[in-house]
Amino acid sequence: ICAATKANGGRSGSIAAPLVTEDFQKIDVNPPKGTRDFPPEDMRLRNWLFNHFKEVSRLFGYEEVDVPVLESEALFIRKSGEEIKDQLYCFEDKSNRRVALRPELTPSLVRLVIQKGKSASFPLKWFTLGQCWRYERMTRGRRREHYQWNMDIFGVPQVTAEAELISSIVTFFKRIGITASDVGFKVSSRKVLQELLNKYGVPENLFGRVCIIIDKIEKIPIDEIKKELGFTGISEDAIEQLLQVISVKSLDDLEDVLGGAGEAIADLKQLFSLAEKFGYSEWIQFDASIVRGLAYYTGIVFEGFDRKGKLRAICGGGRYDRLVSTYGGDDTPACGFGFGDAVIVELLKEKDLLPELGQEVENIVCALDEDLQGAAATVATTLRDKGQTVDLVLESKPLKWVFKRAARVNARRLVLVGKTEWENGSVSVKVLSSGEQLQVKLSDLD
Ligand SMILES: OCc1cccc(Br)n1
């Protein structure tokens, strides 16, 4: 039981006796392994980033939704060998329910779409921003949580949906000063693999697993990839063909291999043509090796990468037309992307594009002696009611201290409440940039 309850004789609820301090151990002031605190200076950068995410989502007409960080574990149990399942942050709650901290947002959004049922008027264009979790052995010293921006479209089967999603990410990049020379999008379609597997008579239910193995192509030796593909029962021939196709470097070459009749080629051609119309052609390139590491993608997949090749994928997404029905909903086309809050900050540091974000307060209000503290509170409220930010000095401090604080919080003005002026209903206002000082009637203060 927690220390508070123990101090209260084992009864939880309100604590009768004052806590006996020796009950508490000296705590570790660091956050749990793999997690981050956001002190003010980090929170300002996070808010700057998230405000751009939200502003882009608003520009594109998407509605914000939110879902719990804690979900039923069942939502994420997929038998496709995904990394995300091995790293699930899951546990049993006090009612013996198997629950998990969400590793991604898409399954929760799909759950909400199904819950909405017939009341959902398609297309749904939703966005959300949420903390996602994974439990990795800390040997790799990697984070266990990150915040992810997601935009998703439900109910649009056409490739215009994916084209719009990529446009929204390009819009985001441009807003923060990232250009097509800094980043690009690798684009492909899982229908390429689908058409190949069909051609070799590979059963549909192996599709997700094969994609997950192929997604590891840059991470493990090619012989390991072949071995894992072999375990799924795919023939040697099919494996050779698969590996040959994903090394194809252009849509034309792909067409030579697949023939021009399939949906994969049609979708990709349409996407590249729409990219022209949206104005982001220079940002995207075909790359048959892109499959993404989530089993549920069924069509176009894409990922944002840094052209210097120093960082992990910046963002990624694609079409997942069968996820809603897999979870028991109606057949609903869907596509979306996830954009984490970590790699993008590394990229901004690389490009020296991190914004300078100091604290900003318009006014510091200070009483010049103890018995004017109430008057200072009145002045602060007057300014705040007019929408002005005020840092009110809450205790009597020497002027030297006040000036130092004014500099630290970047105050524009210092408003001093002095006895003589206050008797005339005035305060003394010092504009800190120019040093200009004037007496102002409280009624005229704005
Ligand atoms: O990128 C996958 C992922 C999921 C949850 C938490 C973190 Br950190 N990373």
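As the structure lists them, so they are numbered: ligands from 1, and atoms in each ligand from 1. All values below come from the heavy atoms of this structure, side chains included, with hydrogens, waters and symmetry mates left out. Count residues from 1 along the sequence.
Ranking the protein heavy atoms by distance from atom 6 (C) of ligand 1 puts C132 O, 3.4 Å first. For atom 2 (C) of ligand 1, the nearest non-hydrogen atom of the protein is R134 NH1, 3.8 Å. When only non-hydrogen protein atoms are considered, atom 1 (O) of ligand 1 lies nearest to H146 CE1, 3.7 Å.
The cationic atom of K125 (NZ for Lys, CZ for Arg) does not lie both less than 6.0 Å from the six-membered ring centre of F60 and within 45° of the ring axis. Taking the ring centre of Y297 as origin, the terminal cationic atom of R190 falls outside the region bounded by 6.0 Å and 45° from the ring axis.
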Could you please spell out the steps behind the ring pair (Phe, Tyr, Trp, His ring centres under 6.0 Å) verdict for F53 and F172?
CA-CA 7 Å; F53 286 155; F172 166 77; 4.8 Å; yes
Stepwise, does the salt bridge (charged side-chain N to carboxylate O under 4.0 Å, His left out) test hold for K349 with E346?
CA-CA 5 Å; K349 280 179 188 152; E346 291 169 42; over 6 Å; no
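Near R143, meaning under 4.0 Å from one of its heavy atoms, ligand 1 places the atoms 8 (Br).
Within the 4.0 Å heavy-atom criterion, the part of E145 lying near ligand 1 is the backbone and not the side chain.
Under a 4.0 Å heavy-atom criterion, P103 is in contact with ligand 1.
Tested against F50 for a ring-ring contact (aromatic ring centres under 6.0 Å, His included), the candidates Y147, F339, W149, F127 yield a single pass: Y147.
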